[in-house]
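First up is the structure itself, then whatever we jot down about it.
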Amino acid sequence: MKKTLKPENTATTTVRLARKRVIFSAKARPGATVFLAGSFNDWNNSDKEMKDKQGDGLFTAICYLPAGTYEYKFFIDGVWCTDTTNPNVVSTPLNTLNSIIEVK
């Protein structure tokens with residue numbers, strides 16, 4: 001009779017979703033304070049600061065997101081702004097617009 005051995009320690013396997021590198025860009029005045037907020041970070045308008053590395057008013061931020069559709073906006077000097085370079089928007093219950101990005 002063959003004996004089946006059971007492992008004493010069992011490990012839980014965690015499946016991680018593949019994430020894609022997404023670069024967000026916003027144009028603002030040099031020296032502005034710019035944050036990225038959206039459905040991917042619970043609309044936290046102080047979590048993801050965007051950087052103007054060249055000092056020319058082009059602010060960028062990199063996010064690693066799993067496949068899906070996300071709403072987002074820029075928070076520029078305390079004002080919510082849609083992404084003017086992205087024509088994909090959705091109306092919100094507050095009668096404002098959010099930009100939309102689809103990550104594949």
Side-chain angles (χ1 to χ4, degrees):
M1 182 169 166
K2 212 174 197 184
K3 218 177 189 181
T4 304
L5 298 176
K6 278 187 170 180
E8 289 182 22
N9 297 322
T10 57
T12 304
T13 303
T14 303
V15 177
R16 290 185 183 244
L17 298 175
R19 296 178 182 264
K20 298 271 185 156
R21 182 176 188 251
V22 180
I23 300 173
F24 291 89
S25 299
K27 195 77 172 137
R29 68 169 179 77
T33 303
V34 181
F35 289 91
L36 171 65
S39 56
F40 45 81
N41 72 351
D42 293 325
W43 294 97
N44 186 328
N45 63 355
S46 62
D47 180 47
K48 188 71 173 175
E49 187 170 5
M50 299 180 74
K51 302 293 180 188
D52 179 10
K53 293 182 180 178
Q54 304 298 320
D56 60 0
L58 182 61
F59 292 79
T60 59
I62 297 172
C63 291
Y64 293 89
L65 301 173
T69 302
Y70 301 94
E71 295 181 28
Y72 70 98
K73 277 188 167 178
F74 303 120
F75 196 62
I76 303 173
D77 289 334
V79 177
W80 288 103
C81 303
T82 57
D83 184 345
T84 57
T85 65
N86 181 357
N88 301 316
V89 294
V90 64
S91 183
T92 72
L94 301 173
N95 290 328
T96 62
L97 297 176
N98 289 342
S99 298
I100 294 203
I101 188 168
E102 186 175 347
V103 179
K104 294 183 180 188

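These numbers come from a predicted model, not from an experiment.
Interatomic distance, CZ of Arg29 versus CZ of Phe59, reported as 7.5 Å (0.5 Å rounding). Between atom CG of residue Asn45 and atom CZ of residue Phe35 there is a gap of 7.5 Å, rounded to the nearest 0.5 Å. Distance check, rounded to the nearest 0.5 Å: CG of Asn86 to CG of Asn88 gives 4.5 Å. Taking CG of Leu65 as the reference point, atom CZ of Arg21 lies at 12.0 Å (rounded to 0.5 Å). With values rounded to the nearest 0.5 angstrom, Cys63 atom SG is found 7.0 Å from Asn41 atom CG. Atom OG1 of Thr92 is separated from atom CG of Leu97 by 7.5 Å, given to the nearest 0.5 angstrom.
We find that Lys73 and Asp83 are not joined by a salt bridge, their nearest charged nitrogen and carboxylate oxygen being 4.0 Å or further apart.
Taking each heavy atom of Val22 and Val103 in turn, the nearest pair found is CG2-CG2, 3.9 Å. The shortest non-hydrogen separation linking Met50 to Ala26 is CE-N, 3.9 Å. Closest approach of Lys20 and Lys104 over heavy atoms only: CE-O, 2.8 Å.
Under the 4.5 Å side-chain criterion, counting only non-hydrogen atoms from C-beta, Ser25 is in contact with Leu58. Between Phe40 and Asn44 there is no side-chain heavy-atom pair separated by less than 4.5 Å. Proximity of Glu49 to Val34: side-chain heavy atoms (C-beta onward) are nowhere separated by under 4.5 Å.
Classified by interplanar angle (parallel below 30°, tilted 30° to 60°, perpendicular above 60°), the ring pair Tyr72/Phe24 is perpendicular. The aromatic rings of Trp80 and Trp43 stand perpendicular to each other, their planes meeting at an angle above 60°, with 30° marking the opposite boundary.
When the shell of 6.0 Å around CG of Asp56 is examined, it contains more than 12 heavy atoms from other residues, nucleotides or ligands. Open room surrounds CD on Gln54; 12 or fewer heavy atoms of other groups in view lie less than 6.0 Å from it.
Judged by distance alone, the side chain of Arg19 and the main-chain N or O of Tyr64 form a donor-acceptor pair under 3.5 Å. For the pair Asp52 (side chain) and Gly57 (backbone), a donor-acceptor distance under 3.5 Å is present. A donor-acceptor distance shorter than 3.5 angstrom exists from the side chain of Ser39 to the backbone of Glu71, with no hydrogens or angles considered. The backbone N or O of Thr33 lies less than 3.5 Å from a partner atom in the side chain of Asp77, making a donor-acceptor pair.
Side-chain atoms of Asn98 and Thr96 form no donor-acceptor pair, as typed in the model, at a separation below 3.5 Å.
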